[in-house]
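For reference, the structure is listed below as structure tokens.
Quick note: numbers below take in every heavy atom, side chains included, and nothing from hydrogens, waters or symmetry partners. Quick caveat: nothing in here was measured; it's all calculated off a predicted structure.
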Amino acid sequence: MIISISRNALILAVFALITTAVLAVVNKATIEPIAAQKRRIIELNIQALIPANLYNNDPVSEAFTLNVQSLGGEITVFPLLNSGKPVAAIFTPSAPDGYGGPIQLSVGVYTDGSLAGARVVSHKETPGLGDKIELRKNDWMLSFDGLSLSNPTPSGWRVKKDGGQFDQFTGATITPRAVVGAVRRSLEYFQANQKAFFAQPALENNQKKTASNGLTSEDNNHG
């Protein structure tokens, strides 16, 4: 009896050691490719807003974070420079007042204060209604391209139901209203704090945060 128990325990121990070793090998073999893939996704998402020929720095390596309560708390900033001169910044505000919860965005703003564009990174809006903020389902997000705080006028930075110029979705006004508000607040913060978007040092811990909180999310979750 004792011999049988000892034999089974030994088998389990050997199995556990082999499993651990296999997992360690797999983890070591995949960690660099996964990191490279995340970085590539971030680069592609940046280039979706700002053409790559407009900047020549490495915005992913130079990314940093700012704590901005009006933009949802901690945001990741990707500064875009050309020969050291600021061109634009892409950053990740969130709209806290979405129908299904916070809506994570990426917003690109040129140094003249005009919008390169805005995209939804993740959300939990209702499928078939609020999820029209996804570019693959509707081109509504493209309506921000080229706008600024003066174009339209302040009263225009609302959905049409509230007297502004932005379309709302049938049966889903809360979602576009939240996104319009977040993009407008992003422009306001950028205009008032533009130097902060290009003056931060690249920190190792900030780069790590970029990998998890930046522009890598493509798996929108719907509630």
Side-chain angles (χ1 to χ4, degrees), residues 42-43 45-98 102-123 133 135 140-159 164-166 176-203 206-207 209-210 213-217:
I42 295 173
E43 291 173 341
N45 286 335
I46 289 174
Q47 292 167 14
L49 289 176
I50 309 286
N53 64 334
L54 295 185
Y55 60 93
N56 55 17
N57 67 318
D58 183 352
V60 179
S61 296
E62 297 171 20
F64 58 90
T65 58
L66 292 175
N67 195 319
V68 185
Q69 292 306 306
S70 64
L71 301 184
E74 189 175 86
I75 63 172
T76 302
V77 176
F78 301 89
L80 306 181
L81 312 173
N82 193 320
S83 300
K85 296 182 179 179
V87 172
I90 292 177
F91 49 104
T92 58
S94 66
D97 45 356
I103 300 170
Q104 187 69 45
L105 303 169
S106 64
V107 173
V109 185
Y110 291 108
T111 52
D112 66 359
S114 63
L115 271 168
R119 299 289 186 272
V120 171
V121 177
S122 63
H123 70 86
I133 54 178
L135 192 58
W140 182 80
M141 289 299 295
L142 298 180
S143 62
F144 293 104
D145 291 4
L147 300 183
S148 66
L149 285 177
S150 59
N151 175 30
T153 60
S155 62
W157 275 98
R158 303 170 184 166
V159 296
Q165 78 165 34
F166 295 93
R177 182 185 285 149
V179 173
V180 170
V183 175
R184 176 181 52 77
R185 289 192 297 275
S186 297
L187 285 173
E188 291 173 343
Y189 186 83
F190 183 85
Q191 183 183 68
N193 302 275
Q194 185 172 150
K195 289 184 178 179
F197 285 80
F198 303 104
Q200 294 290 325
L203 301 176
N206 283 334
Q207 291 174 30
K209 290 177 181 177
T210 297
N213 299 329
L215 307 179
T216 55
S217 179

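- Formation of a donor-acceptor pair under 3.5 Å by the Trp157 side chain with backbone atoms of Ser148 is found in this model.
- Contact annotation: the side chain of Lys85 never approaches that of Phe198 to less than 4.5 Å [non-hydrogen atoms, C-beta and beyond].
- You'll find the side chain of Phe197 stays beyond 4.5 Å of the side chain of Pro86, heavy atoms only.
- Residues that satisfy the side-chain contact (heavy atoms from CB on, under 4.5 Å) test with Ala95, not counting sequence neighbours, are Asp97, Ile103, Ala178, Ala182.
- Scored by the side-chain contact (heavy atoms from CB on, under 4.5 Å) test, Gln191 finds Leu149 as partners (sequence neighbours excluded).
- Separation of atoms OH (Tyr189) and CG (Leu66) is listed at 5.5 Å; rounding is to 0.5 Å.
- How far CG of Asn56 is from CG of Leu80: 10.5 Å, rounded to the nearest 0.5 Å.
- Nearest approach of Ala116 to Ile50, heavy atoms of both residues: CB-CD1, 3.2 Å.
- Using the six-membered ring where Trp is involved, Phe166 and Trp140 have ring planes that are perpendicular, over 60° apart on the 30 and 60° scheme.
- Remark: of the listed residues Val68, Leu105, Val183, Leu105 is the sole one forming a side-chain contact (heavy atoms from CB on, under 4.5 Å) with Pro93.
- For Arg119, the side-chain contact (heavy atoms from CB on, under 4.5 Å) partners are Leu49, Ser106, Leu135, Leu142, Asp145, not counting sequence neighbours.
- At distances below 3.5 Å, at least one donor-acceptor pair connects side-chain atoms of Thr92 with backbone N or O atoms of Thr76.
- Put simply, the side chain of Phe190 reaches to within 4.5 Å of the side chain of Phe91, judged on heavy atoms.
- Expressed to the nearest 0.5 Å, how far CG of Asp112 lies from OH of Tyr110 amounts to 9.0 Å.
- Closest non-hydrogen pair, Val107 versus Ala118, comes out as CG2-CB, 4.2 Å.
- Across Tyr55 and Ile46, no two heavy atoms sit closer than the pair OH-CG2, 3.6 Å.
- Separating the CD atom in Gln104 from the CD1 atom in Ile75 is a distance of 10.0 Å, to the nearest 0.5 Å.
- At least one side-chain heavy atom of Arg185 sits less than 4.5 Å from a side-chain heavy atom of Leu71.
- The heavy-atom pair separating Gly72 from Ser94 by the smallest distance is CA-OG, 3.5 Å.
- Between atom OG of residue Ser61 and atom CZ of residue Phe78 there is a gap of 10.5 Å, rounded to the nearest 0.5 Å.
- When atom types are taken as modelled, the side chain of Asn82 and the backbone of Val87 share no donor-acceptor pair closer than 3.5 angstrom.
- The backbone N or O of Ala196 sits nowhere less than 3.5 Å from a side-chain atom of Asn193 that would complete a donor-acceptor pair.
- Annotation: the span from Leu147 atom CG to Arg184 atom CZ amounts to 13.5 Å, rounded to 0.5 Å.
- Looking only at side-chain heavy atoms (C-beta outward), Val179 and His123 stay at 4.5 Å or farther from each other.
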